Chemist: 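What follows is a single structure, and I will ask about it in a moment.
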Amino acid sequence: MREKTKIILDVDTGSDDAIAICAALLCEKLDVLGICTVGGNVEVKNTTDNTLRVVDCCGKPDTKVYRGAALPLASTLEPWSLQAQELPRKEGVKDQEIAVHTDHLPLPPTALRAQEKSAVVFLIETLLAAEDGEITLVPVGPMTNLALAIRADERILPKIRRVVMMGGSHDVYPRTQASEFNVWADPEAVEIVLQSGVPVTMVSLDATSHACLDRAQAEQLRQIDSPPARLCAELVEHRLKASAAEGDADGKGVGAAIHDALTVCAVLHPEVLTETVLTSCHVDLGHGYAYGETVLGRNYKFSEMPKNCLYAKSADSELFFDWLYGVLKKAASR
Ligand code: RIB
Ligand code: CA
């Protein structure tokens, strides 16, 4: 068998993060060196606990989970720079009942615990010990941990093969005024990564909005009849309900998209990203309506800006589902 692709996941678990973790841990072609957690969809104590519950559900108790940053780098230090307000939930939607992300996933508590070492220390130590270009980083939440590691020790940069991140938007309407959630939650962190020179694939909302699974596909996953497959089915259905509750009447809106699992799929199958453009990409850090916007393709007056980002504009939802189904089905038969 070809050598496995070594990855480090960075998650804010979260309902779609949970599906991404199942896929990454159960995929035979991936070697998950560790999972870092960060505050984002919910507080970091809950993203960490949720991640441990998913690891337990997948029957992978040896997977090492490292708790990361609770808060973004800078954006909450200036109380006047209130981050773009998230769109208010549709009237009558009680948060924990039908929110896209809840404090606790629908899984039993676990005896598994996070490692003593912090996520940033794990990232630095693991990358410094690696060969050049050996490890692919897959952040699917705010990128605070990676930005802190880069600022703390730039010697890690050549060790990173690529950052395949879930974040950013251009053509698809994001939840906040101008910015996709992962970037909006810590814009400075994403800009640090974009300026670092590390190869970046940005799996944006433009691409992930094509990764909306439907109820029939959720039922196909459920029929696999393993704990992780049943969890993924339940989370897909939950996201469809939450998306409808937030106004995506047909449940096909961005809210139902399985953003983070598509990002993991793109690590092994870049062809799932059916339209990409190599371009310059930087994050607006001004404290105005565009705070956190991912700005593509701008140039200096007399010279081109470096094309620092492979930006994904679309995705093949059938290829994505077939891959996710195949990973869960094969794992169930092992
Ligand atoms: O905008 C989508 C992203 O925000 C996903 O990673 C989801 O989990 C949330 O973190
Ligand atoms: Ca996420």
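FYI, the numbering just counts along the sequence from 1. Quick caveat: nothing in here was measured; it's all calculated off a predicted structure. Heavy-atom basis, side chains included; hydrogens, waters and symmetry copies ignored. Atoms within a ligand are numbered from 1 in the order they appear, just like the ligands themselves.
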Chemist: Is any side-chain heavy atom of His104 closer than 4.5 Å to one of Asp49?
Modeler: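 Sidechains of His104 and Asp49: in contact.
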Chemist: Can you tell me how far the CD atom of Glu191 sits from the CE atom of Met143, to the nearest 0.5 Å?
Modeler: 11.0 Å
Chemist: Strictly under 3.0 Å, is the Ca ion (ligand 2) approached by any N, O or S atom of Phe181?
Modeler: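 False for Phe181.
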Chemist: I want to know if ligand 1 touches His259 in the polar sense, i.e. an N/O pair below 3.5 angstrom.
Modeler: no
Chemist: How far apart are the closest heavy atoms of Asp206 and Ala312, and which atoms are they?
Modeler: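 It is CB-O, 4.1 Å.
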Chemist: Measuring from the Ca ion (ligand 2), name the closest N, O or S atom belonging to Asp12.
Modeler: OD1
Chemist: Can you say whether the rings of Phe122 and Tyr66 are parallel (under 30°), tilted (30 to 60°) or perpendicular (over 60°)?
Modeler: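 Taking Tyr66 first and then Phe122, their aromatic rings lie parallel (interplane angle under 30°).
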Chemist: Report the member of Val38, Thr208, Asp260 with the shortest heavy-atom distance to atom 5 (C) of ligand 1.
Modeler: Asp260
Chemist: Do Thr47 and Val38 make a side-chain contact, defined as non-hydrogen atoms from C-beta onward lying under 4.5 Å apart?
Modeler: no
Chemist: For ligand 1 and Gly141, I'd like to know whether there is a polar contact (N/O to N/O, distance under 3.5 Å).
Modeler: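 No; the residue has no nitrogen or oxygen that sits under 3.5 Å from a nitrogen or oxygen of the ligand.
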Chemist: Show which atoms of ligand 1 fall inside a sub-4.0 Å distance from at least one heavy-atom site of Met166.
Modeler: 2 (C), 3 (C), 5 (C), 6 (O)
Chemist: Do the side chains of Glu237 and Arg215 get close enough for a salt bridge, i.e. N-O under 4.0 angstrom?
Modeler: no
Chemist: Of all the N, O or S atoms in Asp260, which has the shortest distance to the Ca ion (ligand 2)?
Modeler: OD2
Chemist: Can you name the atoms of ligand 1, numbered from 1 with element, that are less than 4.0 Å from a heavy atom of Asp16?
Modeler: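 Once the distances to Asp16 are compared, the set is 5 (C), 6 (O), 7 (C), 8 (O).
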Chemist: Going by an N to O cut-off under 4.0 Å, is there a salt bridge joining Glu28 and Lys4?
Modeler: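 No, no charged N to carboxylate O under 4.0 Å.
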Chemist: With rounding to 10 degrees, what does the angle Val140:O / the Ca ion (ligand 2) / Asp17:OD2 come to?
Modeler: 90°
Chemist: Could you list the atoms of ligand 1 found under 4.0 angstrom from a heavy atom of Glu180?
Modeler: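 Result: 1 (O), 2 (C), 3 (C), 4 (O).
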Chemist: Just let me know how Asp17 lines up against ligand 1, side chain, backbone, both or neither, with a heavy-atom cut-off below 4.0 Å.
Modeler: side chain
Chemist: Taking non-hydrogen atoms only, is Asn41 closer than 4.0 angstrom to ligand 1 via side chain, backbone, both or neither?
Modeler: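 It is the side chain that touches ligand 1; the backbone stays farther off.
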Chemist: Assess whether a salt bridge exists between Glu131 and Lys159, defined as any Lys/Arg side-chain N lying under 4.0 Å from an Asp/Glu carboxylate O.
Modeler: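 Here Glu131 does not pair with Lys159 in a salt bridge, since their nearest N and O are not under 4.0 Å apart.
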